[in-house]
Amino acid sequence: MLVYPSGIDVSSSALRFLSARLQARRRALGTRWWRLSAGRQALLALAHLRNGHTYAQLAAGFGVGTTTAYRYVTEAVELLAALAPTLAEAVRAASKKAYLILDGALLPIDRIAADRPFYSGKHKKHGMNVQLIADPKGRLLWASPALPGAVHDVRAAREHSIVDALAKASINCWADKGYQGADGTVRTPYRGRWNSLSTGQQEVNRSHAKIRALVEQAVATLKSWRLLCRLRCSTTRITSLVRAVLSLHLASSN
């Protein structure tokens, strides 16, 4: 396999954050010999998450075996996933925000037509449903565990107890029509054809759309990690990958 230099558009703070956590883990385990240093292992994991490089490509680029590359990535992902905030922690940290924005993102997966539970009728493709919470400026604060793409947004929000958590904290939340019936503190636009809405309802929907538009920044933040743009791994690993990405994002943005 040919090897060539490549770059990763990730801040150095993310690399330092992951390197420090890996080094602390190594000290705790007491293992003396590693094929790569903690810094190089962190760089390998970031290359996988950010650029979507395969284990074979990582193995060739870092001079290790494919099994070692897989083991190093898995270790880093599990470590990062454990550091991601829970819903309760995210809501508590956002309690002083004027409001939050809720939206769902579909992470495409490599599945065949027979896998109906993973097929999203809204997006016309197979994927995993991930719920995102963003602040009023569109910054990503929390990402939910992944559910099959056939699950509707309002059902996903209820299964993750997002609606109850926001209501308990008395935090208003703006969401799209996919969350109709969520109730609590979730605010959705008026339903119906535009011409059938009153002037006041149209103005409310315009204002609502302007607020909600900022959530696209949070969606883009998640999907800037190219591994999540086309997932070919087991669906049971996707939640850990999403939580790992969330940890890296929060660590580099603080």
| How about His160: does its NE2 atom have over 12 heavy atoms from other parts shown lying under 6.0 Å from it? | yes
| query | Are Glu203 and Asn205 linked by a side-chain donor-acceptor pair shorter than 3.5 Å? | reply | no
| message | Would you say that Tyr179 contacts Leu102 through its side chain, given a criterion of any heavy-atom pair below 4.5 Å between the two side chains? | response | yes
| field | Separation of Leu107 CG from Leu222 CG (nearest 0.5 Å) | value | 5.5 Å
| task | With sequence neighbours left out, write down each residue that passes ring pair (Phe, Tyr, Trp, His ring centres under 6.0 Å) with Tyr99, or none if nothing qualifies. | result | Trp174
| request: Would you confirm whether Lys124, through its side chain, and Gly121, through its main-chain N or O, come within 3.5 Å as a donor-acceptor pair? | output: yes
| field | No-hydrogen, no-angle side-chain donor-acceptor test under 3.5 Å, Tyr190 and Gln180 | value | no
| query | Does Phe62 have any ring pair (Phe, Tyr, Trp, His ring centres under 6.0 Å) partners at least two apart in sequence or in another chain, and if so, which? | reply | none
| remark: Contacts of Glu75 meeting side-chain hydrogen bond (donor to acceptor under 3.5 Å, both in side chains) (sequence neighbours excluded), chain-then-number -> Arg25, Gln41
| query | Are the side chain of Ser198 and the backbone of Gln201 linked by a donor-acceptor contact shorter than 3.5 Å? | reply | yes
| Going from CZ on Arg226 to CZ on Arg50, what distance comes out if it is rounded to the nearest 0.5 angstrom? | 6.0 Å
| task | May I ask you to decide if His53's main-chain N or O and His48's side chain share a donor-acceptor pair within less than 3.5 Å? | result | yes
| query | Any side-chain donor paired with an acceptor under 3.5 Å for Arg71 and Thr67? | reply | no
| said: Between Tyr55 and Thr68, is the side-chain contact (heavy atoms from CB on, under 4.5 Å) condition met? List the steps. | reply: CA-CA 9 Å; Tyr55 298 119; Thr68 301; over 6 Å; no
| said: Do Leu80 and Arg21 have side chains that approach each other closer than 4.5 Å (heavy atoms only, starting at C-beta)? | reply: no
| task | Run the numbers on Asn129 and Ser120 for side-chain contact (heavy atoms from CB on, under 4.5 Å), then give the verdict. | result | CA-CA 9 Å; Asn129 181 308; Ser120 169; over 6 Å; no
| remark: Taking every heavy atom of Leu18 against every heavy atom of Ala45, the minimum-distance pair comes out as CD2-CB, 4.1 Å
| Do side-chain atoms of Gln131 reach the backbone of Ala156 as a donor and acceptor pair under 3.5 angstrom? | no
| N/O donor-acceptor pair under 3.5 Å between Ser252 side chain and Ala14 backbone | no
| said: If you count heavy atoms of other groups shown closer than 6.0 angstrom to CZ of Arg158, is the number above 12? | reply: yes
